[in-house]
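In what follows, chains carry the letters A, B, and so on, assigned in the order in which the sequence lines appear, proteins first and then strands, with residues in each chain numbered from 1.
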Amino acid sequence: MASTLLTDEELFSELKRFGFTPGPVTENTRPVYLKKLKKLREEQQQRGCRTGKNRSSSAIINTTGGGGGTAASRPVTHDVTHLSSSRRPGRKSSVLGFSSDESDAEAPHKSKGRDYSGRAGRSSGVQKQAKSGPVTTLTVAIKRQYDTGTTLNSNSSLGPDGQRSISRSWDTCDRSNPDVEGRHYDESGEDDVCEEESEKNSRSLNGRGASRMDASKLAGDYSDSDEEVGGLGAADRNRDRLVLRLSQQIVASPSHVAEREYPIGEKNSSKDNPPDTLNMQKIQGMDEEEVQGDLGLPGGPRCHSFARKSVYVSLADNHRGKIGKNNHINDNDGSSRSNSTSRYSVGLRPRFSNYSLPQTYRGNHSNHTLGSNNSYSQTVRKKKLDVPEDELLQQFKREELASPGSFSAHYLSMFLLTTACLFFLLLGLMYLRMRGSGSPEVDGVIKSHPFGSDFESSYEKAEKDVILKLLLSLHDHLAVIAGQHDCGDQQHPNRSLSIDEASAYLLAQNKEFQDFIFTSLEWIIRTGQDVGIRLTGQVADIPVTDVSEISRLESTHPKMPFMCRFRRAFLSVLGRILLIAAVVGCVWSVVCYMKYRWKKEEEETRHMYDMVERIIDVLRTHGEACQENHDLQPYLPIPHVRDSLVQPQDRKKMKKIWERAVNFLSANESRIRTETQRINGADFLVWRWMQPSLSCDKTSLVPSKVWQGKAFPLDRRNSPPNSLTPCLKIRNMFDPVMEVGENWDLAIHEAILEKCSDNDGIVHIAVDKNSREGCVYVKCLSAEHSGKAFKALHGSWFDGKLVTVKYLRLDRYHQRFPQAQACSTPLKASSLHLNTTSNTNTTPLQHHGSRDSSGFL
Amino acid sequence: MSSTSQKHKDFVAEPMGEKTVMALAGIGEVLGKRLEEKGFDKAYVVLGQFLVLKKDEELFRDWLKDTCGANVKQQGDCYGCLKEWCDAFL
């Protein structure tokens with residue numbers, strides 16, 4: 001659904017409208033271009049805001065169309081024309097193609113649209129399009145308005161009896177069968193197209209431009225003459241207007257729901273159209289004459305006058321066709337609304353703007369009368385601006401929605417976090433409760449006293465009560481004191497009370513307690529259980545056995561205020577969390593460190609192997625050099641090798657690697673022997689290359705500087721059809737690092753000439769010895785020669801490398817090689833040993849032959 | 001860019017043939033997987049997209065970001081290597 005909101009063509013033309021030339025719009029490029037379009041629109045809007053002082057309507061046009069102010073109306077119209085014509089690229093003509101399309105589209109709606117006039121019928125087509133996407137609804141609705149203008153215009157240009165043709169076409173419009181109407185309509189227009197297609201184009205352009213202009217109030221003459229038209233319209237016109245107003249009011253009464261509104265509109269059209277169209281024909285004539293006379297442009301350039309005419313024709317159409325248009329709007333509303341409702345039901349994201357915009361639109365429309373055409377188009381335009389933007393956004397949103405992975409991931413992390421928080425909160429609260437639940441239990445213990453039956457029997461009830469009460473209050477008091485001490489209260493420096501303090505407190509509570517203090521304490525001692533009061537003597541650790549020994553009393557169940565408890569619970573929970581976090585952090589860092597170590601180790605090993613290879617390489621080349629040049633020593637001192645391989649600034653860093661590499665070589669490399677040699681009077685450890693025979697084998701096996709055949713056949717895909725310039729740039733002929741000796745570039749010269757031996761047009765060859773890509777530049781006598789050389793060289797294997805060729809501009813070549821300007825004598829290969837080409841190694845050829853087809857485009 | 005990666009050099013040095021998308025500079029295993037899931041399994045498919053976007057740097061970077069979430073460097077690497085490849089072979 002989302003991807004069909006803007007069709008590919010529309011997207012393309014929209015982008016073009018912003019002066020951006022997009023590539024093909026495909027499934028894959030579509031989101032990219034949508035984004036680009038949005039960006040362009042935003043930019044445009046920002047620029048549009050700066051042109052401030054204009055009327056809001058023109059400002060809006062600025063933002064949609066680009067360019068500013070009065071002068072901008074031209075480009076805008078151009079763009080619009082382009083837009084509508086490129087929208088149906090396959091059609092013969094934009095306008096007619098469009099209308100025929102519509103009539104096709106309406107065929108299935110026959111039952112619904114039977115009573116519609118032509119416009120109503122077309123609007124059903126619009127409705128159909130609307131189903132494919134809200135954006136198109138609106139743009140099409142607007143375009144349709146233009147189209148009526150242009151269609152009329154083209155009809156009226158049929159010749160001297162243009163008016164008649166118009167009335168005829170409108171006659172057909174009123175026929176009940178929309179199919180017939182559509183076809184007829186088409187035909188009448190098509191004649192026109194065939195006759196004067198180019199003219200029509202310009203006219204339709206003007207027509208559209210004009211109707212656009214009138215909307216932005218840039219055509220001042222429009223409003224004047226409109227009044228005149230209104231005045232001249234006389235009774236017919238007034239009647240028309242009345243009817244119109246009526247119908248508008250009916251249509252725009254505020255209580256509609258889409259379904260209800262629809263039949264009303266339909267009824268309107270069917271009821272009001274017949275008289276209306278009758279009027280239309282008359283007014284048509286009057287209007288046109290009036291216009292011609294009024295403007296004084298009867299004999300102007302043809303297309304110009306037609307343009308003018310088309311303004312009014314389309315205007316008249318606007319006026320008279322208001323009922324029809326009302327219908328459209330209703331239809332549009334209905335469709336877009338049902339669209340949005342369906343979207344609701346489907347469960348896609350609803351957009352309120354989608355919903356509310358049509359309403360404001362209708363509100364505007366219902367208020368204005370014939371004269372306020374401006375505001376009508378204004379609102380249309382505004383809507384056009386807003387809605388696509390909106391839809392674009394929506395499209396994006398939906399696309400986002402379509403990839404639920406990121407969304408769910410986001411929510412998942414949030415969910416996890418919340419769960420973790422809740423868990424810890426719960427944990428804390430549980431902890432709190434556990435702490436707090438200690439004291440009431442003890443209360444119970446004391447009430448159902450633990451002193452046994454002895455206690456029951458030795459006291460009377462009153463005494464028992466007093467003792468228990470005493471103990472209870474003592475317990476509570478001690479608990480409070482201990483709790484407050486634990487909470488860090490400064491008033492209670494001790495957790496316990498001395499016996500004197502306790503008895504003082506108890507006496508203050510109740511005089512009766514005086515006799516029982518020691519009795520009750522004795523009972524506590526006697527039970528030997530934990531009753532919540534701990535009695536301590538002078539020496540803390542020895543349990544008290546006699547009342548006289550007691551010096552201090554302490555609660556075993558401190559009772560803390562809630563805040564204190566909460567704070568303690570919170571702190572302890574926090575402490576544990578921190579502990580866990582610390583542990584996790586430790587583990588994590590250890591793991592990270594291990595990973596880092598492994599990685600580093602791996603890297604070092606890789607460097608080491610790299611180094612080993614380089615050492616072997618150096619020694620091998622040295623060994624080869626020794627074969628050729630017997631003056632050289634057949635060994636290399638180790639420090640020398642190191643200094644030649646490792647940059648001075650890296651030496652410290654690479655020391656370890658180097659040592660590892662040396663150890664590796666001495667342990668695992670059989671071709672290298674380490675020995676001590678005296679060089680220049682000093683003893684050095686040296687390496688000796690022990691494999692002299694291999695180099696000979698190598699040269700015999702793989703001949704260097706030889707053409708090895710083609711990698712792929714040349715055809716249109718990988719080479720230009722005709723040669724462009726006489727100069728070529730050949731790449732990948734050599735690797736400057738690998739080249740040894742003095743005159744290797746001459747070998748390449750020779751190789752090229754040999755390859756192009758049938759081509760005697762090569763006049764200059766330059767080998768770029770320093771290029772990393774192995775570039776060789778070739779100048780030929782003419783473009784044909786270079787073409788031949790291109791064919792010979794491009795895609796060949798040379799010395800194990802795939803050669804590619806590009807054309808170079810001649811001036812560029814001369815700029816680089818000024819001496820080449822004088823060259824005109826063809827070069828010849830000095831020694832032709834063609835046997836090398838027959839020496840082709842077939843394996844790489846086949847290997848690469850299989851991949852050339854897709855590798856080269 | 002003053003220096004290019006080894007991957008870049010390797011890619012640009014020869015026709016891309018049947019190389020996988022991971023052979024592109026800037027496309028590692030993760031991005032490669034994502035691209036493969038979206039049907040861009042071979043380097044030449046990405047090249048196709050690159051060409052369809054008319055070698056436009058901005059568009060291609062945008063596309064790459066949307067398709068596989070490549071960061072700026074990866075985008076730049078991938079764009080650079082395709083561009084250079086095209087300059088060399090196209």
Side-chain angles (χ1 to χ4, degrees), chain A residues 15 20-40 396 399-400 402-403 405-406 409 606 610 711-712 717-720 729-732 735 772-775 794-795 797 800-807 844 847-857, chain B residues 2-4 6 8-21 23-24 30 33-70 75 79 82-90:
Chain A
L15 280 168
F20 178 84
T21 43
V25 179
T26 68
E27 191 189 342
N28 282 321
T29 55
R30 194 179 168 75
V32 178
Y33 283 128
L34 278 174
K35 222 175 205 177
K36 180 84 187 170
L37 179 61
K38 195 164 155 266
K39 213 187 276 171
L40 283 171
F396 273 116
E399 259 155 42
E400 267 173 37
S403 63
S406 56
R606 218 184 48 219
D610 204 31
F712 47 83
R717 284 175 307 161
N718 49 26
S719 60
K729 178 187 186 185
I730 306 165
R731 284 213 267 199
N732 226 5
D735 187 351
R772 280 190 302 132
E773 294 178 306
C775 289
H794 187 55
W797 290 98
K801 290 190 266 300
L802 184 64
V803 172
T804 56
V805 185
K806 260 170 62 175
Y807 285 103
H847 179 56
H848 285 273
S850 64
R851 19 191 275 193
D852 70 70
S853 56
S854 53
F856 266 76
L857 297 178
Chain B
S2 58
S3 68
T4 51
Q6 187 58 40
H8 177 102
K9 278 184 224 158
D10 289 347
F11 186 82
V12 170
E14 55 188 353
M16 68 175 74
E18 295 286 329
K19 279 182 190 170
T20 63
V21 72
L24 284 165
V30 180
K33 273 270 154 50
R34 284 186 210 153
L35 281 171
E36 274 174 19
E37 275 164 23
K38 307 213 168 171
F40 294 88
D41 53 344
K42 290 283 167 29
Y44 58 77
V45 188
V46 178
L47 175 72
Q49 179 74 11
F50 176 73
L51 295 177
V52 158
L53 291 173
K54 294 191 160 184
K55 302 188 193 173
D56 186 296
E57 175 155 16
E58 188 197 346
L59 290 177
F60 183 71
R61 277 165 175 267
D62 263 5
W63 172 80
L64 204 61
K65 201 175 103 199
D66 290 348
T67 317
C68 62
Q75 292 163 22
Y79 170 79
L82 280 175
K83 180 99 183 70
E84 205 160 304
W85 190 94
C86 286
D87 290 346
F89 293 106
L90 225 53

Shortest non-hydrogen pair, B:Trp85 vs B:Glu14, comes out as NE1-O, 3.1 Å
Flag side-chain contact, heavy atom, 4.5 Å: B:Val45 against B:Gln49: no
Checking heavy atoms, do the side chain of B:Ala43, its backbone, both or neither come under 4.5 Å from chain A? neither
Side chain, backbone, both or neither of B:Phe60 within contact of chain A (heavy atoms, under 4.5 Å):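 Answer is neither: B:Phe60 stays 4.5 Å or more from chain A.
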In terms of heavy-atom contacts, does NZ of A:Lys801 have more than 12 from other residues, nucleotides or ligands at under 6.0 Å?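 Enclosed.
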Answer yes or no: is there a donor N or O on one side and an acceptor on the other, between the side chain of A:Lys35 and the main chain of B:Asp62, under 3.5 Å? no
Heavy-atom pairs under 4.5 Å with chain B, option from A:Val805, A:Val32, A:Asn732 with the top count: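 The candidate making the most pairs under 4.5 Å is A:Val32.
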